[in-house]
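In what follows, a structure is listed as structure tokens, so that the remarks can point back to it.
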Amino acid sequence: MLLSILAILALMLIGLVLYGHLFVEDNVFTQYLQLQETSSRMSARAFEEFIDSSMRQMEVMAKDPDIVNLTADGKLKLQGLQAVMGGLVGNVTRLDKDMRIAYTFPADRQATGKYVGTQKHNVKLLETKRPLVGECFMAVQGYEAMPLVQPVFKDGAFDGTLSIPVSYTHLTLPTN
């Protein structure tokens, strides 16, 4: 009889230990998921702020007469925009009204003059003449990017775009 009682107590003790282990494991896993969710929200918010800030900056620049007319000073300002955004931005591009690359920095002689009006984001911009954040695409400079596009107007008429393709490699999370 004593052996039966000891066996029952041992089983109860094993059950308590197992339940405690599962309880702790469940809580640790829940906390881990909560931390992951918080981290994801913070990253998403930071990215959203980057996009908003970039679009506001592009809107101001698209109204700058030097950039509209693509003067030497305008080209320097576009170079400065690329420098400020660093590795996030592959290049800064000014398209003309015919949707050809009028200027890109860093300079790419093979891209200059190239027609890009069939790219999905450019088609949409031509339809709406409004700023947009496009879907990821393969830039003519040879990298995947998400385009931020701002229309440029000269004397009230559409005169092309100002675009900054955000490098796709900076949009994805590193895998371990």
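Numbering of residues begins at 1 and proceeds along the displayed sequence.
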Check the hydrophobic clustering (I, L, V, M, F, W, Y; side-chain heavy atoms under 4.5 Å; chains of links allowed) and say if [X] and [Y] are grouped together.
X    : Y    : value
V152 : M55  : yes
M61  : L76  : no
V149 : L126 : yes
V133 : F50  : yes
M138 : V116 : no

Any non-hydrogen side-chain atom of [X] less than 4.5 Å from a side-chain atom of [Y]?
X    : Y    : result
I164 : P147 : no
E144 : F137 : no
K77  : D64  : yes
Q150 : P131 : yes
P151 : L125 : yes

_Would L78 and L162 count as a side-chain contact (heavy atoms from CB on, under 4.5 Å) here? Give the steps._
CA-CA 9 Å; L78 293 175; L162 175 59; 3.4 Å; yes

*Report yes or no: is the cationic atom of K129 (NZ for Lys, CZ for Arg) under 6.0 Å from the centre of the six-membered ring of F158, at an angle within 45° of the ring normal?*
yes

Check [X] against [Y] and note the closest heavy-atom contact, atom names and distance.
X    : Y    : result
M99  : T161 : CE-CG2, 4.2 Å
P165 : N91  : CD-O, 3.0 Å
A102 : L70  : CB-CD2, 3.8 Å

*Salt-bridge present (D159, R94; N to O < 4.0 Å)*: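 A salt bridge links D159 with R94.
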
*asked:* Less than 4.0 angstrom from a charged side-chain N to a carboxylate O is my criterion; do R45 and E48 meet it?
replied: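 Answer for the salt bridge query: yes.
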
[X] side chain vs [Y] backbone, donor-acceptor pair below 3.5 Å:
X   : Y   : result
S53 : E49 : no
S39 : L35 : no
D73 : D66 : no
D96 : D98 : yes
N69 : P65 : yes
T71 : G74 : yes

*asked:* I'd like to know if the side chain of Q79 pairs up with that of Y103 as donor and acceptor (distance under 3.5 Å, no hydrogens or angles considered).
replied: yes

*Do we see a donor-acceptor contact under 3.5 Å between the side chains of S163 and T93?*
no

*Could you go through the side-chain contact (heavy atoms from CB on, under 4.5 Å) check for E59 and K63 one step at a time?*
CA-CA 7 Å; E59 180 180 11; K63 294 175 183 175; 3.7 Å; yes

*Check the pair V60, R56 against side-chain contact (heavy atoms from CB on, under 4.5 Å), reporting the backbone distance first and the verdict last.*
CA-CA 6 Å; V60 169; R56 283 191 304 275; 5.9 Å; no

*Please round to the nearest 0.5 Å and tell me the distance separating atom OG1 of T104 and atom CD of Q110.*
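One gets 12.5 Å once the value is rounded to the nearest 0.5 Å.
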
*Test log, rule side-chain contact (heavy atoms from CB on, under 4.5 Å), inputs E135 and K120*: CA-CA 8 Å; E135 296 177 21; K120 201 173 191 175; 3.3 Å; yes

